[in-house]
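These notes concern the structure reproduced below.
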Amino acid sequence: MEDLSALATTGLDRNCALQLQHLKLKGLQPKTIEAYARAIRRVGDYVDHQIDDLSETDLLDYFTDLRETHSWSSVKLDLYGLKFHYEHVLKKPWVAPGLIKPPRTQRLPDIITVEETERIFLATQVLSYRVFFFALYSLGLRLGEGLRLTVADIDGARERVHIRDAKGNKDRLVPLPTATHQLLRRFWQRHRNPVLLFPNRHGGLAGARAAKTPLDRGGVQKALRAVVESCGLKKHISPHSLRHAYATHLIEAGVELTEVQEILGHHSILTTVRYTHLTDRSRQHAIDRINALMDRYRLAKGTAR
């Protein structure tokens, strides 16, 4: 996350400090805090730091220009950040209700097959990234959830992993496939960091043991893009695609939809239903199906090198 304390050096110092206090007290996720703080800085730069009395015309001009250079996702984040600022910091009503109505879209992500997934793992030459990608996939994790994994989160005896502080500030327990457990254990024996499962790579293995921070998010994303390109895959694949693939492959393997919903931590079953266009369901226990799926990957065999 960018250094939000730097915001206090601008003319927005008081507003930004108050915004940051309210954001933290509302228990929002770090990425949301960063996005909302960025919205205040960006609109502040646009209106010469005079954000306390924005008119509907000011907002119309700002969001029109923003849409020319940014996605609807950025527009929505800035909108929500400004609304939060007016409601919780300025204690004022929002000045332009109904001004912005982003289009409702529902796009299905590109889904990689089991064979394509295996190609990606085997083509990943850097050990830490290879194990990390397999962990994201075989546990159905979001990128941030994987980066935050600690040694204490792995419960081999109960065949489960404790995912902490996930989306919506919720914890959840996910099945730990035997193949994943073995791979993680061998990987940890290489770096032996007492806390982090995926310590950063600065300083090599010697540095990893004492590292206080996990793998770099940008480095992970860049590494996966390079691997996908080397495999000749034309699909749009990101670390989150591994989670999508996991969900689809579980349903194909016969895991019940409600179990997939619980494993992924979806609030609504409707979010999980979008994967059912590939389903061939049965009622066998989820962990048996997951183990059968993960055992097919050759990288889980032998000694990690």
Side-chain angles (χ1 to χ4, degrees), residues 1 27-34 109 117 121 128-188 191 193-200 211-217 219-221 224 238-251 253 255-275 285-291 293-294 297 300:
M1 182 188 298
L28 299 181
Q29 290 288 330
K31 286 180 63 178
T32 303
I33 293 175
E34 181 181 9
T117 310
F121 298 147
S128 55
Y129 289 147
R130 189 194 323 148
V131 178
F132 183 71
F133 294 155
F134 188 72
L136 288 185
Y137 167 73
S138 62
L139 301 175
L141 304 183
R142 301 175 178 90
L143 176 54
E145 294 169 351
L147 293 173
R148 290 193 298 270
L149 279 178
T150 68
V151 176
D153 295 333
I154 308 301
D155 187 345
R158 294 181 175 83
E159 297 182 302
R160 66 188 186 184
V161 179
H162 191 158
I163 309 304
R164 305 177 192 274
D165 196 24
K167 189 174 182 179
N169 295 321
K170 295 180 179 178
D171 286 11
R172 71 180 187 278
L173 299 172
V174 302
L176 172 63
T178 302
T180 307
H181 186 205
Q182 292 174 350
L183 189 66
L184 291 176
R185 183 164 51 193
R186 292 197 303 272
F187 177 63
W188 179 83
H191 66 73
N193 187 291
V195 177
L196 298 173
L197 203 54
F198 294 102
N200 69 59
K212 303 298 183 183
T213 57
L215 289 172
D216 175 68
R217 175 184 289 265
V220 169
Q221 294 168 327
L224 183 57
S238 68
H240 203 72
S241 302
L242 298 174
R243 173 176 159 91
H244 290 320
Y246 173 78
T248 303
H249 297 167
L250 289 191
I251 295 172
V255 178
E256 286 295 317
L257 196 62
T258 52
E259 293 192 73
V260 176
Q261 177 192 6
E262 183 176 353
I263 292 169
L264 296 181
H266 287 160
H267 175 71
S268 170
I269 190 68
L270 296 178
T271 306
T272 318
V273 164
R274 62 181 175 171
Y275 298 111
H285 192 269
I287 189 61
D288 295 331
R289 294 297 184 116
I290 295 171
N291 275 329
L293 175 62
M294 300 311 161
Y297 291 98

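Values below: all heavy atoms of this structure, side chains included; hydrogens, waters and symmetry mates excluded.
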Rounded to the nearest 0.5 Å, how far apart are [atom1] of [X] and [atom2] of [Y]?
X      : Y      : atom1 : atom2 : result
Ile163 : Arg148 : CD1   : CZ    : 9.0 Å
Gln261 : Leu257 : CD    : CG    : 7.5 Å
Ile290 : Thr180 : CD1   : OG1   : 9.0 Å
Leu250 : Glu259 : CG    : CD    : 9.5 Å
Leu139 : Leu149 : CG    : CG    : 7.0 Å
Phe134 : Met294 : CZ    : CE    : 5.5 Å

With a 3.5 Å cut-off and sequence neighbours excluded, list the donor-acceptor pairs that the side chains of residues 263-270 form with protein atoms.
residue: His266; atom: ND1; partner: Thr272; partner atom: OG1; Å: 2.7
residue: Ser268; atom: OG; partner: Leu270; partner atom: N; Å: 3.1

How are the rings of His244 and His240 set to each other: parallel, tilted or perpendicular (split at 30° and 60°)?
perpendicular
Phe121-Tyr297 aromatic ring centre distance below 6.0 Å
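So the answer is yes for these two rings.
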Would you check if the distance from the ring center of Phe187 to the ring center of Phe198 is below 6.0 Å?
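When the ring centroids of Phe187 and Phe198 are compared, they turn out to be within the sub-6.0 Å range.
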Answer yes or no: is there an ion pair linking Asp153 with Arg164, defined by an N-O contact shorter than 4.0 Å?
yes
Grab the two heavy atoms, one from [X] and one from [Y], that are nearest each other, plus how far apart they are.
X      : Y      : value
Gly146 : Leu136 : CA-CD2, 3.9 Å
Pro177 : Ser138 : CG-O, 3.7 Å
Leu184 : Ala135 : CD2-CB, 4.4 Å
Tyr137 : Leu293 : OH-CD2, 3.6 Å
Pro214 : Asn200 : O-CB, 3.3 Å
Leu143 : Val220 : CD1-CG1, 3.9 Å

Would you check, one step at a time, whether the test side chain to side chain contact (heavy atoms under 4.5 Å, CB included) holds for Thr117 with His249?
CA-CA 10 Å; Thr117 310; His249 297 167; 3.4 Å; yes
Do Thr178 and Glu159 have side-chain heavy atoms sitting under 4.5 Å apart?
yes
Do Arg172 and Glu145 pass the side chain to side chain contact (heavy atoms under 4.5 Å, CB included) test, and can you show the C-alpha distance, the side-chain angles, and the key distance before you say yes or no?
CA-CA 11 Å; Arg172 71 180 187 278; Glu145 294 169 351; 2.9 Å; yes
Which ring-ring contact (aromatic ring centres under 6.0 Å, His included) pairs, counting each pair once, include a residue from residues 142-166, with sequence neighbours left out?
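Matches after skipping sequence neighbours: none remain.
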Judged by atom type as modelled, is there a donor-acceptor pair below 3.5 Å linking the side chain of [X] to the main-chain atoms of [Y]?
X      : Y      : answer
Asn193 : Pro199 : no
Arg243 : Gly140 : yes
Asp155 : Arg160 : no

Step by step, would you call Leu147 with Leu215 a side chain to side chain contact (heavy atoms under 4.5 Å, CB included)?
CA-CA 7 Å; Leu147 293 173; Leu215 289 172; 3.9 Å; yes
Would you please test Thr150 and Leu197 for side chain to side chain contact (heavy atoms under 4.5 Å, CB included) and show each step?
CA-CA 5 Å; Thr150 68; Leu197 203 54; 6.0 Å; no
